[in-house]
Amino acid sequence: MAYDANNIFARMVRGEIPCTRVHEDADTLAFMDIMPQADGHTLVIPKVAGENLYETPPESVAAAIRTTQRVARAVQRAFAAPGLVVTQFNGATAGQTVFHLHFHIVPVYTAGAWRPHAREKADPAVLEEHAARIRAALAAG
Ligand code: 5GP
């Protein structure tokens with residue numbers, strides 16, 4: 001499948017549609033998942049076009065992983081999460097629904113108690129409050 005330059009994450013990178021940001025640098029963007037599977041569910045994307053892990057330049061994957069590590073630490077601290085999972089899906093069969101490479105950072109509070117994937121939109125005010133907690137944890141180092 002050819003990369004669709006109008007997928008929602010590409011449009012966020014270009015600033016065409018809003019997202020609740022927690023971090024941005026020259027190569028990556030991190031923001032709250034609009035349908036979180038747990039409080040604090042955050043997404044990290046490289047800014048370059050790439051549908052999945054196979055199609056994205058390795059240096060961009062490396063930048064996204066560096067941001068994922070940094071943001072995961074902040075999410076863990078901000079939510080005092082006893083567990084945390086990082087996932088990344090390749091292909092609709094694997095569960096991918098947005099075809100621009102992204103890493104999910106999902107805190108785990110109770111084993112097996114996640115909400116369903118990409119199902120229920122969160123209150124934007126709650127997402128902003130969660131993002132503020134993560135930004136504060138990032139700022140604290
Ligand atoms: P995938 O299913 O491709 O691994 O993950 C895509 C994720 O993007 C899902 O968890 C879904 O909730 C999230 N998502 C879908 N549309 C939007 C949107 O417009 N904004 C944000 N912030 N997240 C979205």
Side-chain angles (χ1 to χ4, degrees), residues 1-140:
M1 186 164 89
Y3 180 79
D4 173 10
N6 282 320
N7 74 73
I8 48 169
F9 293 172
R11 297 187 66 203
M12 284 175 190
V13 169
R14 294 197 295 270
E16 293 170 3
I17 55 173
C19 61
T20 309
R21 287 166 202 238
V22 300
H23 170 84
E24 180 168 11
D25 58 42
D27 302 312
T28 65
L29 182 62
F31 52 92
M32 304 312 294
D33 193 299
I34 204 170
M35 293 173 269
Q37 291 188 257
D39 288 359
H41 184 167
T42 307
L43 300 171
V44 176
I45 63 173
K47 289 187 172 178
V48 302
E51 185 180 320
N52 53 38
L53 191 62
Y54 323 127
E55 303 295 335
T56 304
E59 58 275 16
S60 302
V61 175
I65 286 288
R66 275 195 296 274
T67 297
T68 299
Q69 184 188 40
R70 198 165 157 233
V71 173
R73 284 181 175 139
V75 169
Q76 192 281 325
R77 282 200 306 269
F79 290 85
L84 184 145
V85 168
V86 172
T87 57
Q88 186 276 313
F89 303 148
N90 300 284
T93 308
Q96 187 176 7
T97 58
V98 179
F99 295 93
H100 178 114
L101 176 67
H102 53 279
F103 293 88
H104 294 261
I105 296 169
V106 190
V108 182
Y109 303 103
T110 304
W114 275 357
R115 299 192 280 268
H117 179 64
R119 187 79 59 83
E120 205 175 313
K121 280 194 179 169
D123 178 345
V126 171
L127 286 185
E128 179 48 43
E129 193 266 317
H130 289 171
R133 282 160 67 174
I134 297 167
R135 287 193 295 263
L138 282 167

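In listed order, ligands and their atoms are each counted from 1. Sequence positions, counted from 1, serve as the residue numbers for this chain. Predicted model only: the values in this text are computed from it and were never measured.
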### Query
Is a donor on one side and an acceptor on the other found under 3.5 Å between the side chain of Arg135 and the backbone of Arg21?
yes
### Message
I'd like to check which ligand 1 atoms, numbered from 1 as shown, lie under 4.0 Å from a non-hydrogen atom of Ile8.
### Response
15 (C), 16 (N), 17 (C), 18 (C), 19 (O)
### Query
Could a heavy atom of Gln88 be found less than 4.0 Å from some atom of ligand 1?
no
### Query
Got more than 12 heavy atoms from elsewhere within 6.0 Å of CD, Glu120?
no
### Query
For atom 22 (N) of ligand 1, what's the nearest protein heavy atom and its distance?
Met32 O, 2.9 Å
#### Entry: Short side-chain to backbone donor-acceptor contact, Lys47 and Ser60, under 3.5 Å
no
### Query
Atoms of ligand 1 less than 4.0 Å from Phe89 heavy atoms?
4 (O)
### Query
What part of Leu43, side chain, backbone, both or neither, has a heavy atom within less than 4.0 angstrom of ligand 1?
side chain
### Those atoms of ligand 1 less than 4.0 Å from some heavy atom in His102
1 (P), 3 (O), 4 (O), 5 (O), 6 (C)
### Task
Would you please test His41 and Ile105 for side chain to side chain contact (heavy atoms under 4.5 Å, CB included) and show each step?
CA-CA 6 Å; His41 184 167; Ile105 296 169; 6.0 Å; no
### Query
Are Thr20 and Pro124 side-chain neighbours, meaning at least one heavy-atom pair lies under 4.5 Å?
no
### Query
Numbering the atoms of ligand 1 from 1, which are under 4.0 Å from a heavy atom of Phe9?
8 (O)
### Message
Taking Asp4 first and then Arg11, would you say they form a salt bridge - that is, a charged N and a carboxylate O separated by under 4.0 Å?
### Response
no
### Query
How close does the nearest protein non-hydrogen atom get to atom 24 (C) of ligand 1, and which residue and atom is it?
Ile34 CG2, 3.4 Å
### Task
Can you sort out which atoms of ligand 1 are near Ala118, meaning under 4.0 Å from one of its heavy atoms?
9 (C), 11 (C), 12 (O)
### Identity and distance of the protein heavy atom lying nearest atom 10 (O) of ligand 1
Asp33 OD2, 2.5 Å
### Donor-acceptor contact present, side-chain Asn90 to main-chain Asn52, <3.5 Å
no
### Task
Measure the distance from atom 20 (N) of ligand 1 to every protein heavy atom, then report the residue, atom name and distance (to 0.1 Å) of the closest one.
Met12 CE, 3.2 Å
### Heavy-atom donor-acceptor pair, His100 side chain to Ala5 backbone, under 3.5 Å
no
### Task
Please identify which atoms of ligand 1 are closer than 4.0 Å to at least one heavy atom of His104.
1 (P), 4 (O), 5 (O), 7 (C), 10 (O)
### Query
To which protein heavy atom is atom 3 (O) of ligand 1 closest, and what is the distance rounded to 0.1 Å?
Thr97 N, 2.7 Å
### Query
Do the ring centers of His104 and His102 come within less than 6.0 Å of each other?
yes
### Task
Identify, with sequence neighbours excluded, every residue that meets ring pair (Phe, Tyr, Trp, His ring centres under 6.0 Å) alongside Tyr109.
none
### Query
Under 4.0 angstrom from ligand 1, any heavy atom of Gly95?
yes
### Message
Within the 4.0 Å heavy-atom shell around Phe31, which atoms of ligand 1 are there?
### Response
22 (N)
